[in-house]
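Here the structure is laid out as structure tokens; the discussion comes afterwards.
Start at 1 with the first residue, then count along the sequence.
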Amino acid sequence: MKEYKYKINGTTYNVAVGDVEDNIARVEVNGVAYRVEMEATKAATVKSVQAPRPAAAPRTSSGEKVIAKPAPTGTADAVKAPLPGVVLSIPVKEGQSVKASDTVLLLEAMKMENAIHAGRDGVVKQILVSAGDSVLEGNPLIIIE
């Protein structure tokens, strides 16, 4: 038996809960035995849900995968993401001259805005991401010549 002490409106009650069979529990309150009938619980209904199959990636008529942007050929001169995040804005345009300290991209990571700088003087050759894109650490963002 499990024993409990309750204080209700200043009166202390010693309650001992005994065996529970079906919906009947044996309870003793301050030495007086009671048979307590509990409300029957409804059995939970379990529904089987079949997960939808993911759609296949789009392909061209020849069967090759569709790629939104061409893969950059040389990313050695690329400004890379220092940490994973979401591109907020890109304040530069292709063909624009930039200095090493110029901000070329704003990246939101860990609820903070991070200004990504060019890192070297040059001209923006190609912008590889768009505002709203998610990027991983090390992904090339902008190529500067």
Side-chain donor/acceptor of [X] to backbone N/O of [Y], under 3.5 Å:
X      : Y      : value
Asn114 : Glu108 : no
Arg120 : Ile144 : yes
Asn30  : Tyr13  : no
Glu3   : Asn14  : no

Check the hydrophobic clustering (I, L, V, M, F, W, Y; side-chain heavy atoms under 4.5 Å; chains of links allowed) and say if [X] and [Y] are grouped together.
X      : Y     : value
Leu136 : Leu88 : no
Tyr4   : Tyr34 : yes
Tyr6   : Val17 : yes
Val29  : Val36 : yes

Who are the salt bridge (charged side-chain N to carboxylate O under 4.0 Å, His left out) partners of Glu145, not counting sequence neighbours?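 Partners of Glu145 under the salt bridge (charged side-chain N to carboxylate O under 4.0 Å, His left out) test: Lys125.
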Just to verify, what does Glu28 make a side chain to side chain contact (heavy atoms under 4.5 Å, CB included) with, not counting sequence neighbours?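 Glu28: side chain to side chain contact (heavy atoms under 4.5 Å, CB included) contacts with Ala16.
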Just wondering, are more than 12 heavy atoms of other shown residues or ligands nearer than 6.0 Å to CE in Met112?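 For Met112, atom CE is not crowded (no more than 12 foreign heavy atoms under 6.0 Å).
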Can you confirm whether Asp22 is buried at CG, in the sense that more than 12 heavy atoms of other residues, nucleotides or ligands lie under 6.0 Å from that atom?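 No, the 6.0 Å shell around CG holds no more than 12 heavy atoms from other groups.
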Distance (rounded to the nearest 0.5 Å) between [X] [atom1] and [Y] [atom2]:
X      : Y      : atom1 : atom2 : value
Glu137 : Leu83  : CD    : CG    : 7.0 Å
Ile24  : Met38  : CD1   : CE    : 8.0 Å
Asp121 : Ser101 : CG    : OG    : 8.0 Å
Leu141 : Asp133 : CG    : CG    : 9.5 Å

Close side-chain approach of [X] and [Y], heavy atoms under 4.5 Å:
X      : Y      : result
Ile90  : Ile142 : yes
Val129 : Asn139 : no
Asp102 : Val92  : no

Quick check: closest heavy atoms across [X] and [Y], and the distance to 0.1 Å?
X      : Y      : value
Thr103 : Pro91  : O-CG, 3.6 Å
Ala78  : Pro140 : CB-CB, 3.8 Å
Glu113 : Leu106 : OE1-CD1, 4.3 Å

For Asp19, give me all partners under side-chain hydrogen bond (donor to acceptor under 3.5 Å, both in side chains), at least two apart in sequence or on another chain.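 Checked Asp19 against side-chain hydrogen bond (donor to acceptor under 3.5 Å, both in side chains); matches are Arg26.
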Identified side chain to side chain contact (heavy atoms under 4.5 Å, CB included) counterpart of Leu128 within the set Val135, Ile143, Val79: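 It is Ile143, the one option of Val135, Ile143, Val79 that forms the side chain to side chain contact (heavy atoms under 4.5 Å, CB included) with Leu128.
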